[in-house]
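Here the structure comes first, spelled out in structure tokens, and everything after it is commentary.
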Amino acid sequence: KALNLRLQDVTIMYFTALAALMVILVASPLPPLPMPFRVPLDPRGELQLSWNISYTNLEIYMELRVAKLRYGVVLGMSDRGELTNADLVVLWDSGTKSYFGDAWSDSEGRVSLDSQQDYELLEAKQKPDGFHLLFKRPFSTCDPRDYLIEEGTVHIIYGLLDQPLASLEQLNLSRIHTGVQRVLMLRPDTPSPTLPPDVQTLDVVAPNVIIPNQETTYWCFIQKLPENMPKNHIVMYESVITPGNEAIVHHIEVFECSPDIRQVPDYSGSCDDKMKPGKLNFCRHVLAAWAMGAEAFYYPPDAGLPMGGKGSSRFLRLEVHYHNPLLISGRQDSSGIRLHYTPSLRRYDAGIMELGLVYTPVMAIPPKQHTFYLSGYCTSKCTQTALPPGGINIFASQLHTHLAGRGVRTVLVRGRKELEVVQEDQHFSTHYQVRNSRGDVLITKCTYNTEDRSKPTVGGFGIMEEMCVNYIHYYPRTQLELCKSHVDPGYLQKYFNLINRFHGNDQCVCGEVSVTEQYSQLQWDVFTAKVLDSLYNTVPMSMHCNQSTARLFPVSPQTHRGGGRG
């Protein structure tokens, strides 16, 4: 039986201290609300969430589109995307009537109607592309069972009901098909800047790729810029996603190849293919990056990202990450990034710099940790050597971890004092200005949770490995591409020796196997984890202070923090 809802059929359930009141909504035609932000929720793209923000009223308007609605839908928010202790809005059908209400789940996933109803239904309507549910709620409701919507990542949970519910109390989230999507809900309340009249566009897109029917694919494609293209400034970029693939295209990056490499062969194929041209490894200078749910990226009025001209490459590498957990086959894709550029050069060249931890298994997170911190340092020695006398202006920031990441924070330290937070997302707005001077220290601190893991999690590129990265966008551009650290490997070997001896294992295999293997062979207990935490925070680090050519700046590779603890 299909759920065929008209607005006047939807009953709202309010609980008061005295009685349960049934309130029938009377249909009143609403002017269409603009919904500038949208993200697909499920891998098929059958559920889509759109939203708008009223900073004046501190309210968020949400529209949920369900392609095929049967007996109801659940939408919720929780701290980390868990089904327990979640703040929910539920539309359900009892077999005779349809209900809408604000609800919550307990520590077992059982659902109850909330005594304080903070979601207000505005419209419920069947349209040609599916069922649309429009509702609103305040950022903060002062209800302890409700999620506080704040800056940073919001974990959205969703589920579809495939049978009627006589009462909401029959619902247990662990027994229905659910999923999680992460979104940046609150966006800067600033109008989009006007682009210059002479702006041109260049689409760097996949050449009609058949998406492989595997869960994860990184697709690489080499695109040439026009011959003898003069220097231009990129002033904005945005994603171009093939309609129907919004739920599979996970993130996209465009890299410029090294100007030293005169010729880069044509290539369109997996980035992990052993047969791919080796020269693709020299295409690592980030020009643009987009992730699911992100908006267009604008440069400040006095800066632009250089493209073309003397000393640049005419070869770009597009990298598209396809996330295809349902193994859909035969889907064609021409997604990518549209670069908006102008020949009227702005005052400053902008640049992108990578902060945080080097991608190495030397940094690891013990198993069964509720909270474990790793910090990456950009030291005063590196900024003193690589930054211009007037310093740099940081105007945007993109934070990144993998699945165990719970929060990222970059702080600026000057003279051993924490001056300001460059960017923070403790749930895991791109327009702020931070002044970074020569000799400053930038500390990027990541928070992890590995309670669900029985083995240590090492640093690396794999989704089950971890990263701690902040890409900062800044001007004026310098040659400093990467300013990251990791613990000194010599001290790490002393740690392995100590822990093995403490646990009565004198046969240390320290030099014979990989660091990843050494971590996995340790006996993990509170002592092992505490000593590792202490090691990371006290012993010298290996510093990577890299130019865009991948050569190192002349600073000592082993260094102390020079700016206090992170």
Side-chain angles (χ1 to χ4, degrees), residues 151-152 351-358 362-363 371-401 405-426 428-448 459 467-488 491 533-547 552-566:
E151 273 197 25
I352 300 172
M353 192 191 304
E354 215 175 301
L355 306 176
L357 287 172
V358 179
V362 164
M363 303 299 287
T371 305
F372 194 85
Y373 301 107
L374 292 179
S375 294
Y377 295 82
C378 177
T379 62
S380 54
K381 277 185 182 170
C382 185
T383 62
Q384 188 72 48
T385 309
L387 297 191
I392 57 171
N393 293 284
I394 300 168
F395 62 88
S397 171
Q398 292 168 304
L399 307 170
H400 183 69
T401 71
R406 294 294 181 266
V408 188
R409 184 175 196 256
T410 293
V411 296
L412 187 148
V413 175
R414 184 174 300 157
R416 303 189 82 79
K417 278 196 184 146
E418 190 177 300
L419 276 197
E420 56 187 314
V421 177
V422 175
Q423 172 68 319
E424 179 168 27
D425 183 349
Q426 285 305 355
F428 220 46
S429 45
T430 58
H431 288 86
Y432 34 70
Q433 288 276 358
V434 176
R435 187 92 185 140
N436 183 202
S437 301
R438 266 167 98 165
D440 286 351
V441 178
L442 289 159
I443 304 171
T444 301
K445 183 176 185 176
C446 293
T447 312
Y448 299 96
M467 291 185 169
C468 177
V469 189
N470 185 355
Y471 294 99
I472 56 168
H473 297 253
Y474 71 96
Y475 65 89
R477 182 180 177 179
T478 71
Q479 282 299 305
L480 183 58
E481 185 101 344
L482 182 150
C483 192
K484 300 164 91 174
S485 69
H486 61 78
V487 71
D488 181 78
Y491 282 85
D533 177 58
S534 176
L535 175 93
Y536 286 155
N537 284 308
T538 53
V539 305
M541 303 167 308
S542 290
M543 193 53 228
H544 288 233
C545 187
N546 294 17
Q547 299 181 34
L552 299 181
F553 274 96
V555 298
S556 164
Q558 192 196 70
T559 178
H560 290 269
R561 284 155 179 74
R565 288 273 299 269

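L357 and G376 make their closest contact through CD2-CA, 3.8 Å (heavy atoms, listed as atom of the first residue, atom of the second, distance). Of all heavy-atom pairs between I392 and M353, the closest is CD1-CE, 4.1 Å. The two residues T444 and G356 have their closest heavy-atom pair at CB-CA, 3.9 Å. Closest approach of P388 and T478 over heavy atoms only: CD-CG2, 3.5 Å. Smallest separation of non-hydrogen atoms from K445 and C468: C-SG, 4.4 Å. Scanning both residues, S380 and V441, for their nearest heavy atoms gives N-CG2, 3.7 Å.
To the nearest 0.5 angstrom, N470 atom CG is 3.0 Å from S397 atom OG. To the nearest 0.5 Å, atoms CG (D440) and CG (L412) are separated by 4.5 Å. Summarising the geometry, atom CG belonging to D533 is positioned 9.5 Å from atom OH belonging to Y373; distances are rounded to the nearest 0.5 Å. In this structure, I472 CD1 and L355 CG are separated by 4.0 Å, a value rounded to the nearest 0.5 Å. Here L374 contributes atom CG and N537 contributes atom CG; the two are 9.0 Å apart, rounded to the nearest 0.5 Å.
Ring geometry, H473 versus F395: the interplanar angle falls from 30° to 60°, so the pair is classed tilted.
Residues satisfying the side chain to side chain donor-acceptor pair (under 3.5 Å) criterion with Y448, sequence neighbours excluded, are absent altogether. Judged as a side-chain contact (heavy atoms from CB on, under 4.5 Å), and not counting sequence neighbours, the contacts of L482 are E354, K484, H544, N546. Listed by chain and number, the residues in a side-chain contact (heavy atoms from CB on, under 4.5 Å) with S534 are T538 (sequence neighbours excluded).
At a threshold of 4.5 Å between non-hydrogen side-chain atoms, the residues Y474 and N393 do not count as touching.
Taken as a pair, C483 and C382 fail the criterion of an SG-SG distance shorter than 2.5 angstrom.
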